[in-house]
Amino acid sequence: MITVTKDDFSADEMVDKIKQHYTGGVVTFRGVVRGESKGREIERMTIEVYEEMARKQLGTIREEALNKFDVQEIAVIHRYGDLNVGDNIVLICVAAGHRAEAFQACMYVIDELKIRVPIWKKEYTPDGEVWVEGERHE
Amino acid sequence: VNIRIRYFASIREILRIDEEEIEIKDGATVMDLISELKQRHEFLSTKNQLLIAVNGSFAQPSTVIKSGEEVALFPPVSGG
């Protein structure tokens, strides 16, 4: 369950969608647009994506997490386009029998996403616009 | 061989192109392609953090590029 979209999403809907009979917990990470970055006020943001590759990379990361951790289902949604402060950016939902593995898998997915998935943020501040560049991919 | 190059984020904006097609010699590697592109676009020489993907997967400098493949150049990612 990988979605790359301009549209907003509902975390609750996704939790209901992925939980199963033997699910004991669903860990959710929902990233939103923060109103500041490195001390600068942020007014809004544009997110650019290399869509085909982003889907492929997210699919790989999801598969890795499903293999590494004892979890039942993982869903990832990442938005692109123009977003305002407070808007949803990313959603990761992990359903598992028990919480520890669900938390670990969720952390794994967001950490890998930030290194390997071709998505970029451009922040608009009162002084102009700035492309955010992450850590170098190894 | 003919290949398609796509540019993203700050690189796309500075070069002012989304994509271009170029002709490279048979058996050329990612490293050969980058040297060629740095000659075409001076800005790319100043960029020390450049990521390269071939057909949607991160590529090594030694990767040989085949005809019809899609190569993408972009800065370190910042999603999430």
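Naming convention: chains lettered A, B, ... in sequence-line order (proteins, then strands); numbering from 1 in each chain.
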As an exercise, state the distance from [atom1] of [X] to [atom2] of [Y], rounded to the nearest 0.5 Å.
{"X": "B:Ser78", "Y": "A:Met45", "atom1": "OG", "atom2": "CE", "answer": "8.5 Å"}
{"X": "B:Leu51", "Y": "A:Arg116", "atom1": "CG", "atom2": "CZ", "answer": "13.0 Å"}
{"X": "A:Glu52", "Y": "B:Arg6", "atom1": "CD", "atom2": "CZ", "answer": "4.5 Å"}
{"X": "A:Tyr50", "Y": "B:Arg12", "atom1": "OH", "atom2": "CZ", "answer": "14.0 Å"}

Side-chain heavy atoms under 4.5 angstrom apart, residues restricted to Ile, Leu, Val, Met, Phe, Trp, Tyr: same cluster for B:Ile17 and B:Ile14? yes
Residue from A:Val132, A:Val90, A:Ile92 scoring the most non-hydrogen pairs under 4.5 Å with chain B is A:Val132
Take atom [atom1] in [X]; do more than 12 heavy atoms of anything else shown fall under 6.0 Å from it?
{"X": "B:Glu19", "atom1": "CD", "value": "yes"}
{"X": "B:Lys47", "atom1": "NZ", "value": "yes"}
{"X": "A:Tyr124", "atom1": "OH", "value": "yes"}
{"X": "B:Glu23", "atom1": "CD", "value": "yes"}
{"X": "A:Asn67", "atom1": "CG", "value": "yes"}
{"X": "A:Arg99", "atom1": "CZ", "value": "no"}
{"X": "B:Arg4", "atom1": "CZ", "value": "yes"}

Looking at B:Gly80, is its backbone amide N or carbonyl O close enough to the side chain of A:Lys121 to form a donor-acceptor pair, meaning the two atoms are under 3.5 Å apart? yes
Please find the pair of heavy atoms, one from A:Glu133 and one from B:Ser10, that lie closest to each other, and give the distance. OE2-OG, 3.0 Å
Between B:Val77 and A:Leu113, the two heavy atoms sitting closest are CG2-O, 4.3 Å
So, do B:Pro75 and A:Trp120 sit near enough that their side-chain heavy atoms are less than 4.5 Å apart? yes
Does a side-chain heavy-atom distance below 4.5 Å link B:Phe74 with A:Glu48? no
A:Ile110 versus chain B, the contacting section by heavy-atom distance below 4.5 Å: side chain
Is A:Lys114 close to chain B through its backbone or its side chain, or both, or neither, when contacts mean heavy atoms under 4.5 Å? both
